[in-house]
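Each ligand, and each atom within it, is numbered from 1 in the order the structure gives. The residues of the chain are indexed from 1 along the displayed sequence.
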Amino acid sequence: MADAQTTSTDAPPDSHIDHAASLRYWNSVAANSKTMLGMLGSYPWYTRIDLRGSKIFLSKVRRMIPNCPTEGKLRLGVDCGAGVGRVTEGLLSQVCETVDAVEPVEKFLEVIRQSELKRTGVVGDIYPVGLEGWVPEKQYDLIWTQFCVGHLTDVQLREYFVRCREALSDTGVLVVKENQSTDPFGLDMFDEEDSSVTRTDEKLRLLFKEAGLGVVASELQLGFPKNFRLLPVRFYALRPLT
Ligand SMILES: C[S@@+](CC[C@H](N)C(=O)[O-])C[C@H]1O[C@@H](n2cnc3c(N)ncnc32)[C@H](O)[C@@H]1O
């Protein structure tokens, strides 16, 4: 949920991404599972609005996918760029029987490993790796990717989307929920603080298409107070193009 800044240079914004710098940044952030402050900047109320919006969006999407069960839990989900498991705890564990997690920062993973959800077996396999290095070994009903694709270059992100497409079950869906660029010239914005890019809606849709994914549904997350001037947040529900 960073307030991204544009770096004025001719090089493409994603060429500035430095994975080591991102990991240094996230390792400097407190791994606090109670308040999630480290994950979402300085606004603890943000997560309530965010998770409520995600629940509503996901129920809508399940009704739009032919043969997707609209009631009851999905079999297997995965929280990609999971952080301390905020989305797993507040959403995915309520809609999936088992939730795997992918996250490169060890101290965040440790919070997930020590959680009640891990002890009770709701959290399944944990992959200590960035999305650029994650090769799914299972078929997932739900792949949730939120507030982390900015750490991948365009090429890495396209390849990640291809791997996700191949890892979806027959009725599986990939959900991407991300901040959206507000650059006045319609460019992606590089943020030096965590070495990430915030992409435009157009760029993400191009990458989805190139990866063979179709947009089943897309909407803005509503309900954030306007006076905080946060970046707009958009959901995308994606399925393989036929
Ligand atoms: C803003 S937090 C979001 C965490 C979680 N998705 C949420 O919404 O609460 C960004 C997360 O991306 C992770 N991250 C950094 N580099 C990454 C990469 N290359 N692949 C996947 N996740 C990465 C960070 O460690 C951090 O946990």
Check each atom of ligand 1 against the heavy atoms of [X] and keep those under 4.0 Å away; list them by number with element.
| X | result |
| --- | --- |
| A82 | 5 (C) |
| F108 | 25 (O), 27 (O) |
| C148 | 12 (O), 22 (N) |
| V87 | 7 (C), 8 (O) |
| F147 | 1 (C), 2 (S), 3 (C), 8 (O), 10 (C) |
| G83 | 27 (O) |
| E132 | 18 (C), 19 (N), 20 (N) |

Point to revise | Test of proximity, S22 against ligand 1: N or O pairs below 3.5 Å | key: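 N/O-N/O distance under 3.5 Å: no.
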Check your understanding: Any chance NZ of K138 has more than 12 other-residue heavy atoms, nucleotides or ligands included, within less than 6.0 Å?
Key ->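 Atom NZ in K138 is crowded, with more than 12 foreign heavy atoms closer than 6.0 Å.
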Review point. Taking everything shown except N67 itself, do over 12 heavy atoms lie less than 6.0 Å from its CG?
Key: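 Counting neighbours around CG of N67, 12 or fewer heavy atoms of other residues, nucleotides or ligands fall under 6.0 Å, so no.
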Point to revise | Nearest neighbour of atom 17 (C) of ligand 1 from the list S195, P104, G130, on a heavy-atom basis | key: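 Minimum heavy-atom distance to atom 17 (C) of ligand 1 goes to P104.
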Check your understanding: Taking atom 13 (C) of ligand 1 as the point of reference, which of E103, E89, E106 owns the nearest heavy atom?
Key ->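 Result: the heavy atom closest to atom 13 (C) of ligand 1 is in E103.
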Is there a donor-acceptor pair closer than 3.5 Å between any side-chain N or O of [X] and the backbone N or O of [Y]?
| X | Y | answer |
| --- | --- | --- |
| R199 | L187 | no |
| S195 | D18 | yes |
| T145 | V176 | no |

Does the pair [X]/[Y] count as a salt bridge with the N-to-O cut at 4.0 Å?
| X | Y | result |
| --- | --- | --- |
| K60 | E219 | yes |
| K107 | E110 | no |
| E132 | R163 | no |

With heavy atoms under 4.0 Å as the rule, classify the contact between [X] and ligand 1 as side chain, backbone, both or neither.
| X | value |
| --- | --- |
| V84 | neither |
| W26 | side chain |
| V105 | side chain |

Check your understanding: Does any non-hydrogen side-chain atom of L58 lie less than 4.5 Å from one of V95?
Key ->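 The answer is yes; the side chains approach within 4.5 Å.
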